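Input: a single structure, listed below in structure tokens.
Everything numeric in this text was worked out from a predicted model, so none of it was measured. Order of the sequence lines fixes the chain letters, A, B, ..., with proteins taken first and strands second; residue numbering starts at 1 for each chain. As a basis for the values below, the full set of heavy atoms in this structure was taken, side chains included, without hydrogen atoms, waters or symmetry mates.
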Amino acid sequence: MEPTVSFFSGFNVNDLWFLGEAALRTLWISMLSISIGTVLGVVCGWILYEGKLAATLTLAPFLDIFRSVPLIIQLVLFYNFAPIVGLNLDPFASGVVILSIYTAALVANVARGGIEAVGAPMRRAARSLGMTYWQDLRYVVFPIGGRAVFPAWVGVALGVMKDSALVSVLGYVELLKASQILITRTQEPFLILSIAGAFYFALSYPISRYSASLERRWAQ
Amino acid sequence: MIEIRDLHKYFGALHVLKGIDLDVQNGEVLSVIGASGSGKSTLLYCINGLEPIQQGSVIVDDTDVHAKGTDINKLRTKLGMVFQQWNSFPHLTALENVALAPKIVKGKSKAEARDIAAKQLIHVGLGEKLDVYPSALSGGQQQRLAIARALAMEPEYMLFDEATSALDPELVGEVLDTMRLLAEEGMTMICVTHEMGFARDVSDRVAFFHQGVMEEIGPPGQIFGDAQSEHTRKFLANVR
Ligand SMILES: Nc1ncnc2c1ncn2[C@@H]1O[C@H](COP(=O)(O)OP(=O)(O)O)[C@@H](O)[C@H]1O
Ligand SMILES: [Mg+2]
């Protein structure tokens, strides 16, 4: 009897590699966006905290837009409209730009909360020792406020990592896109989505564990 | 020497200090007493430039605190300040709390800063607590830590703003003892305080503030025994 030749072939070890590589791409685009977004977000949070009228009037609504418009819409709009203003970005770069701004919009509020968590008396004490404004910020406000809002920041970071799946709509082959490709070929959605889910878990679990242990150490 | 001339301070429309004239000589211990809201804390903030002033001047060793060109951060290293709230840096050990400013403000090496910090912590009786985090210290110990932190800058003046007011009664003594020790060592001190015993026993002069005015100043014997101002007598009758 002839074996049935099928266009759909089963899931094999190579596919696992394929998913693994895609998971690394998810990790890479997330790490990059979270890093850039955090730096931008801290600067924005500081501007919001300092509350100079002009900056707040322009920055706050701008950040609100990125916080409230669904990420998938931002991605598609940016990817399709960027070339019109002369920016020819590939899906990866477009994803990094939007994910970074999105992260920054979320981190800005977290960062402002962190600065607010360090009260005026603490800062007066720092300044009374002769610290400059920037030394107070660097050595007192950031470490104390940073610890206070660290759990909130971890929440943002893990969220952005999961949301990076949306960059798949631009055709960037990260974990979700890779799963879709394999599902089309193997017709085994349950197996493949379970594996992809396991990869997402494997990416975020160490981060939550590590941050929990950091928090415990700081709490002593 | 600290010279305060015709100092006026407003918070918006609120006139908080109404023309203060005061000299504090080197080696002198001045206690400042008066009801809450009379402007005592604000006076200290005007002396080390934490608050701007609207009229008059504060001169510390020939430097005008509020002049445009004054390096206020440098000047503040001369003026240690201890607050009602002790404000320990919670992320640093006792030693690191004290060593931080010498390192970053004065540019001392790590080893030098640690030596200075250890010396000052021993000075205030916290020699056993060098590597302990503030959360493991009592309020009294944290306040002494704050004193050591200020002393590590090798200030020539110390400003105390109700350093014992936030403490549990049984912890007040150890902080007052530390302040007494500094006074005996010849430190120039301005102490805003509600501890009348301390004001009477330790200070060279006592100043009474009433609604933004320095109503009366003189040796403790005069203020506590023979106050000239009606307000002073009333205030003292109430705190006793
Ligand atoms: N940052 C501020 N803004 C507005 N008003 C203030 C501020 N700080 C103090 N005041 C007001 O100034 C007056 C004097 O305050 P303060 O110097 O703290 O008094 P004291 O230390 O004698 O209790 C009070 O009426 C107080 O409400
Ligand atoms: Mg006060």
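B/L100 touches chain A through its side chain: at least one heavy atom from C-beta onward sits under 4.5 Å away, while N, CA, C and O do not. Interface residue B/M153: only side-chain heavy atoms are found under 4.5 Å from chain A. Neither the backbone nor the side chain of B/L92 comes within less than 4.5 Å of any heavy atom in chain A.
Taking A/G119, A/A125, A/G130, A/P121 one by one and counting their heavy-atom pairs under 4.5 Å with chain B, the maximum is reached by A/G130. Heavy-atom pairs under 4.5 Å with chain A peak, among B/Q85, B/M81, B/H91, B/K78, at B/H91. Ranked by heavy-atom pairs under 4.5 Å with chain B, the first of A/R138, A/R127, A/R123 is A/R127.
B/K106 NZ to A/L129 CG: the interatomic distance, rounded to the nearest 0.5 Å, is 11.0 Å. For the atom pair A/Q135 CD and B/I104 CD1, the distance stands at 4.5 Å (nearest 0.5 Å). Between atom CG of residue B/L44 and atom OG of residue A/S128 there is a gap of 11.0 Å, rounded to the nearest 0.5 Å.
Shown here for A/M122 and B/S88, the closest heavy-atom pair between the two residues is CE-O, 3.3 Å.
Annotation for B/D71: atom CG counts as buried by contact number, over 12 foreign heavy atoms lying within 6.0 Å. More than 12 heavy atoms of other residues, nucleotides or ligands shown are found within 6.0 angstrom of OH on A/Y133. Summarising the local packing, CZ of B/R114 is surrounded by 12 or fewer heavy atoms from other residues, nucleotides or ligands at distances under 6.0 Å. Heavy-atom contacts from other residues, nucleotides or ligands closer than 6.0 Å to CZ of A/F190 number 12 or fewer.
Considering only heavy atoms from C-beta on, B/F83 comes within 4.5 Å of A/R124 through its side chain.
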